[in-house]
Amino acid sequence: MDLHRIDLNLLVALDALLDERSVTRAADRLCVGQSAMSATLGRLRKVFGDEILVRRGRTLAPTPLAESLVVPLRDIMARTEALLAARDEFDPATARRTFTLTANDYVSTLFLRPLLVRLAQEAPHVSFEVNATRDDYAEQFRRHQTDLLIMPKEVFPEHATYPHEVLFADRYVCAVDADHPEVGEELPSAQFSALPYLAVNIGALPSSAELRLEARGILRDTHLTIQAPLVAPFLLRGTRMVMHIQERLGLMIRDQAGIRLLEPPVELGPITMVMIWGAHVDDDPGHRWLRRRAAAVARELAPAYRHH
């Protein structure tokens, strides 16, 4: 295929069509008329010799070829954007840029809050979008829809195939109501399994704690499942429920939540938080600045205490 004969704006339209899976929404996204977008889809079909999008009931679905184009197309688009935004230097004091971060409530509370306070002072015109970690986080990351993904490496084994850096470590402990009438200084396995259990998930996916409990065959009497790790411990007050919580978070909020922390009946192993980014921004000066600042804040996090 001779690139000189191809309008590279077609790739922008193709990206919008595959993402929106709607001619109308893709047209709105690119601020063009619906008839113009329909004509562009026709041109794309000729270029690729494929229907690209086919109607299934009331919706449009990508063909197998189109589906195979999604990830490489996103990579091309992201690298092109990085190329156009490339600068030899990045001056945080004057730069105007938006970074997108993906992290859960735990990371946002413990790590992003002090990081964003520091960045706001150093880079007053740089803005940030923080997206919650959903069950489609891996697909969102592969499509370059986030600049930095922060999560436990144990949950996302694919992290090793991308540029990444370890930020800090934590571990799981158990939490109960501070005035729990049945739980003493220790929590034996039998009592843990008998108490009503509060589980925390990532969207439809189990959390790191739930994956480890399943792997160890530890029984739970799950009474409540929630997708908000920061809210979950506040639901323990006045109940018989028990949950697993990251020790750093537990120590930070135990007084406000009215909870007591206990050694777990079975050690679940460390939680290693990593930041992960795409190769297309590895050498981007602005992105390097963001990563350096994140690493600096992570180093300042004191080790988690081992007494409750």
Side-chain angles (χ1 to χ4, degrees), residues 8-22 25-26 29-30 44 48 50 52-54 56 59-86 97-108 111-112 128-167 201-208 210-211 227 271-284 286-288 290-291 294-295:
L8 295 184
N9 284 322
L10 286 175
L11 296 183
V12 178
L14 178 60
D15 179 57
L17 285 164
L18 293 181
D19 195 34
E20 300 291 348
R21 301 190 180 189
S22 163
R25 290 196 299 271
R29 175 165 155 179
L30 298 184
L44 286 166
F48 286 96
D50 185 84
I52 304 298
L53 292 174
V54 294
R56 290 183 185 169
T59 62
L60 293 177
T63 64
L65 173 65
E67 197 69 61
S68 72
L69 295 175
V70 170
V71 173
L73 178 60
R74 262 327 305 166
D75 188 60
I76 291 170
M77 298 294 294
R79 288 178 183 274
T80 302
E81 290 168 0
L83 175 66
L84 295 175
R97 184 168 174 178
T98 299
F99 291 100
T100 302
L101 313 177
T102 298
N104 66 11
D105 290 352
Y106 159 71
V107 174
S108 297
F111 176 68
L112 289 186
F128 299 87
E129 295 179 5
V130 180
N131 297 322
T133 308
R134 305 178 313 198
D135 47 3
D136 62 346
Y137 71 88
E139 183 63 23
Q140 297 290 326
F141 178 72
R142 283 191 286 267
R143 293 189 179 198
H144 304 301
Q145 293 177 338
T146 186
D147 291 306
L148 210 56
L149 173 63
I150 304 175
M151 67 183 310
K153 71 176 187 180
E154 295 84 4
V155 174
F156 187 37
E158 287 183 55
H159 79 276
T161 63
Y162 298 99
H164 64 279
E165 183 174 346
V166 172
L167 290 175
N201 281 359
I202 305 171
L205 300 177
S207 67
S208 176
E210 298 308 304
L211 290 172
Q227 298 178 15
I271 313 163
T272 310
M273 303 303 301
V274 293
M275 59 177 172
I276 313 158
W277 61 94
H280 65 286
V281 294
D282 201 28
D283 295 325
D284 179 274
H287 208 281
R288 286 203 306 268
L290 175 61
R291 300 194 308 263

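Taking CG of L167 as the start and CE of M275 as the end, the distance is 5.0 Å to the nearest 0.5 Å. For the atom pair OG of S208 and OH of Y106, the computed distance is 10.0 Å after rounding to the nearest 0.5 Å. Here E20 contributes atom CD and L53 contributes atom CG; the two are 11.5 Å apart, rounded to the nearest 0.5 Å. Rounding to the nearest 0.5 angstrom, the gap separating the CG atom in L101 from the CG atom in L290 is 6.0 Å. In this structure, CG on L148 lies 8.5 Å from CZ on F141, to the nearest 0.5 angstrom.
Inter-residue side-chain proximity for T59 and R21 is flagged as unmet; no heavy-atom pair is nearer than 4.5 Å. Side-chain atoms of Q140 and T102, non-hydrogen and from C-beta on, never get closer than 4.5 Å to each other. With contacts defined as side-chain heavy-atom distances shorter than 4.5 Å, the pair F48/L14 qualifies.
No salt bridge links R97 with D147; every basic N to acidic carboxylate O contact stays at or beyond 4.0 Å. Ion pairing between R143 and D136 fails under the 4.0 Å rule for side-chain N and carboxylate O. In this structure, E165 does not pair ionically with R288, as no charged nitrogen and carboxylate oxygen lie closer than 4.0 Å.
Shown are H164, K153, E158; of these, the side-chain contact (heavy atoms from CB on, under 4.5 Å) with I276 is made only by H164. Remark: of the listed residues I52, L44, L30, L44 is the sole one forming a side-chain contact (heavy atoms from CB on, under 4.5 Å) with L17.
Looking at E154, its side chain does come within 3.5 Å of a backbone N or O of T272 through a donor-acceptor pair. In this structure a side-chain-to-backbone donor-acceptor pair under 3.5 Å is missing from R25 to D19. Between the T133 side chain and the N104 main chain, a donor and an acceptor come within less than 3.5 Å of each other.
With sequence neighbours excluded, the residues that form a side chain to side chain donor-acceptor pair (under 3.5 Å) with T98 are S127. Under the rule for a ring pair (Phe, Tyr, Trp, His ring centres under 6.0 Å), the partners of Y137 that lie at least two apart in sequence or sit in another chain are F156. Legend: residues meeting side chain to side chain donor-acceptor pair (under 3.5 Å) with D50, ordered by chain and number and at least two apart, are T63.
S108 approaches V130 most closely through the heavy-atom pair OG-CG1, 3.9 Å. Across P62 and R56, no two heavy atoms sit closer than the pair O-NH2, 4.4 Å.
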Q | Pair H287-W277, side-chain contact (heavy atoms from CB on, under 4.5 Å): steps then yes or no | A | CA-CA 9 Å; H287 208 281; W277 61 94; 3.5 Å; yes
Q: Could you walk me through whether R291 and D282 pass salt bridge (charged side-chain N to carboxylate O under 4.0 Å, His left out), step by step?
A: CA-CA 10 Å; R291 300 194 308 263; D282 201 28; 3.6 Å; yes
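With 3.5 Å as the limit, one finds no donor-acceptor pair spanning the side chains of T100 and Q145.
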